[in-house]
Amino acid sequence: MNDANRGGQGPRPDIPEKYLKPFDPASVEARLYEAWEKSGYFDPDTLPDEPGRGRNGQPFSMVLPPPNVTGVLHMGSALMLAVEDIMARYARMKGRKALWIPGTDHAAIATQAVVEKKIQKEEGKSRHDLGRDELMRRIGEHVTATHDAIVSQMRTMGASLDWSREAFTLDDKRDLAVRTAFKRMYDDGLIYRGYRVVNWDPKGQTTISDDEIEYEARTTKLYTFRYSKDIPISISTTRPETKLGDTAIAVNPDDERYKAFVGAEFKAVFAGEPISLKVVADRAVEKEFGTGALGVTPAHSVIDWEMSQRHGLPLKQVINEYGKMTVGMDGVKDKKTAEAREAVVAWLRAEGLLEKEEDIEHNISLAQRTGGVIEPLPKLQWFVAVNKAFKKQGERTEEKGGTTLKGLMKEAVSSGATKIIPDRFEKVYFNWIENLRDWCISRQIWYGHRIPVWYKGDEAFCGLEAPEGDGWVQDEDTLDTWFSSGLWTFSTLGWPDEKEFAKNRAYHPTTVLETGSDLIFFWVARMILMSTYLLGEVPFRTVYFHGLVRDTKNRKISKSLGNNIDPVDMIARYGADAVRMSLVVGVGPGNDSKIDEAKIKAYKLFSNKLWNIARFVFSTADMKAEGPLSAADQAVMDGFRSLLAEITVEMDEYKYYLVAEKLYAYAWRELADKVLEESKPILAGPDAEARRSRSVLLRSVMEGLLKALHPFMPFITEEIWKDMPVPGKKPLIVEKWAI
RNA sequence: GCGCGCUUAGCUCAGUUGGUAGAGCGACCCCUUGACGUGGGGUAGGCCAGGGGUUCGAAUCCCUUAGCGCGCACCA
């Protein structure tokens, strides 16, 4: 640089050539990501060795909610990656030993369903045609392909994940964790096998948990009738075909109409099936609904099953796993329930038993994954007992009575050990726990963690490995995918391997869990359950929920609607920085947001604005200028510093939506529109001292702005940072936070 | 039935101790070869869903009504 070029004689000749063209994300992003990865800064152990910072800093840890290996990433995943990367990069710049662990989820039932469907469509074969081994091989192929696509997408977003620790919910280490957890709970009596009415999905041919059910409002006929002319009580039902399995009539104990009948027993032949009905009194029966009398079907209704337990009623199954009747007259037996219903109603009408038909609004239960109508059936399944008392770790006194898993889950949040953002979700969480029933964890599918229990005759053995001796056969079922996901915060840190876990102990409890609010029960609650039970500590200090990403018409983004805006496509066109900003600005925690291309485009223009700010500063200010600021320039600097102080507080409060907006406004409206404009005459003017002071100011503001924007827009800030003349500078990713 | 959230400019949304309504996009007008694959300046557009209350003062706090969305329960 020589003095002849000073004083507004046009652009200085030494400006890097890249600034002569608009910012081109495609040409720099992949290269920058590779450089970060090679530098080792994604791995906390290879962060810079500085006192109190980097590898010597306070640990910060977070797990990536492992995406399902069913397909590609969508905008919701992009939002998740953007917010979490902001968290990780901010923590790293603040000097923390930041660990963000990547992984993918085998998603058991979801993945098997996708692959089975594909094979059925392309080859016309079912899983039984292929057999267990061949299906596993096919799923393996599918999982490898989708895994690779997903991982490459995460990289394009700029996610600063520690790839050296990547995990899979179904790999060997996680399988050992699952078996270990299962055995601990089994030995404590918290996992048991029981014959109970469960949610059966006839379409998926498996049981599912209560949380995997979706409800859909439909108008249905409510039939009121008598079982026979000899029975003086009428009942109402929407499912007459199930009445072949009735073993009781329940009435409210306070109902004067039926008091005289309580304890009586009636016999009849109903649609060809002999039935025997005991009249019982139960508070669960509402006097006002229907006739006030309820036909109890213990085998095909969870509520009725519970009632049957209270009154010692027999259980009689009349519907099988395929949703077909197993008893009844011609036209009923062997027919699907819908068909059998019509036949039963026709029979009632013919017999003169039908008293009333009316339309009512009612919810039907559907399996979330397959859409199949849930058929409650009695089956021998594995359960986690949430209400059973056990002794807490370290608690030896019997007389205390111990605690329950429900209690542990409640306490984790009510004690403040785990905070939920936004806090309104705490109510939702407590409400769910209140209504929680035992968790059915066995699934009749093949893809997943096999239940670590072996049988020989009447004997059962639960262990990490098969027992010694011949003739032991392992349980055919696999575990609910959320059982393994529940262990994720510590199975990824080496648990149950004591040596490996000890090395990572400082990362648990993890600092924060960022995930979608729809996972509050499935995942968040299960992680709290597993961690508090197995480790005696919460899995994370803070839960940050993001909302749903919708399209401009306020529809949920889904494949079937074909309204997915592909994040990879958007990144290719506008850059990852623009996509990240568009997802984050103005979107508070827990709130749904809308995404459209115009918004992403707007932040591409912002990238370009930053680029040109850099171009202006590099070409007109003296980047080597030193010394104090003039009073006027100091005032500008003070204004900027107070902004930095403000946003630092907001970063700590997880208010990224505000920070992003403020930085955008400052860079454009304040720095570009005001400061740079007023700098033009100063930098072109005759006053050397004013030029010097203004140059120092512009360089300082640029430096602070790049740092503050880095967590949000890592690529462009890092790229500009390369040309900043900062003494002893490091890559921006590990530079010290702006304030 | 219980609970939660939302309702602010044409659109998308901010507005966190109550102090005279904000941004982006869009529309319209003017200017600009400029650091800017454009940018700058300006204009129009809002009884902050309705009603009531607290207060000197309410988009903000309380009560209530309505619409939309969501969770849970019920679902005979």
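Chain letters run A, B, ... following the sequence lines, proteins first and then strands; every chain starts at 1. Every value quoted in this text rests on a predicted model; they were computed, and no experiment measured them.
- Within the 4.0 angstrom heavy-atom criterion, no nucleotide atom of any strand lies near A:T220.
- Taking atom CE of A:M581 as the reference point, atom P of B:C13 lies 17 Å away to the nearest angstrom.
- B:G10 and B:G71: their C1' atoms are spaced 33 Å apart (whole Å).
- Taking a cutoff of 4.0 Å between a charged side-chain nitrogen and a carboxylate oxygen, A:D201 and A:R369 do not qualify as a salt bridge.
- For NZ of A:K21, the number of neighbouring non-hydrogen atoms (other residues, nucleotides, ligands) closer than 6.0 Å is 12 at most.
- Distance noted for atom C1' between B:U33 and B:G19: 47 Å (whole Å).
- The phosphate of B:G37 (OP1 or OP2) has a side-chain N or O of A:N608 nearer than 4.0 angstrom.
- The side chain of A:F521 sits closest to B:C72 out of B:C72, B:A35, B:U16.
- Among the protein residues, A:V285 comes within range of the nucleic acid bases, having at least one heavy atom under 4.0 Å from a base atom.
- Taking 4.0 angstrom as the limit, A:Y429 places none of its side-chain polar atoms (N or O) nearer than this to OP1 or OP2 of B:C4.
- With distances taken from any side-chain atom of A:K609 to the nucleotides B:G40, B:G24, B:C4, the minimum falls on B:G40.
- The side chain of A:K427 contributes an N or O atom lying less than 4.0 Å from OP1 or OP2 of B:C4.
- For the pair A:W668 and B:G39, the criterion of a side-chain N or O lying under 4.0 Å from OP1 or OP2 is not met.
- A sub-4.0 Å separation between OP1 or OP2 of B:G40 and a side-chain N or O of A:R669 is present.
- For A:I303, whose side chain is taken as the heavy atoms from C-beta onward, the closest listed nucleotide among B:C75, B:G40, B:U16 is B:C75.
- Taking atom C1' on both nucleotides, B:G26 is separated from B:U12 by 11 Å, rounded to a whole Å.
- For A:N435 and B:C2, the shortest distance from a side-chain N or O to OP1 or OP2 is not below 4.0 Å.
- Taking the six-membered ring where the residue is Trp, the centroids of A:Y574 and A:Y603 are separated by 6.0 Å or more.
- The aromatic ring centres of A:Y227 and A:F266 sit 6.0 Å or more apart.
- Taking the P atom of each, B:C47 and B:G22 are spaced 15 Å apart, rounded to whole Å.
- B:G3 sits 25 Å from B:U8 when the P atoms are compared, rounded to a whole Å.
- Residues A:E646 and A:K662 are paired through a salt bridge, judged by an N-O separation under 4.0 Å between the basic side chain and the carboxylate.
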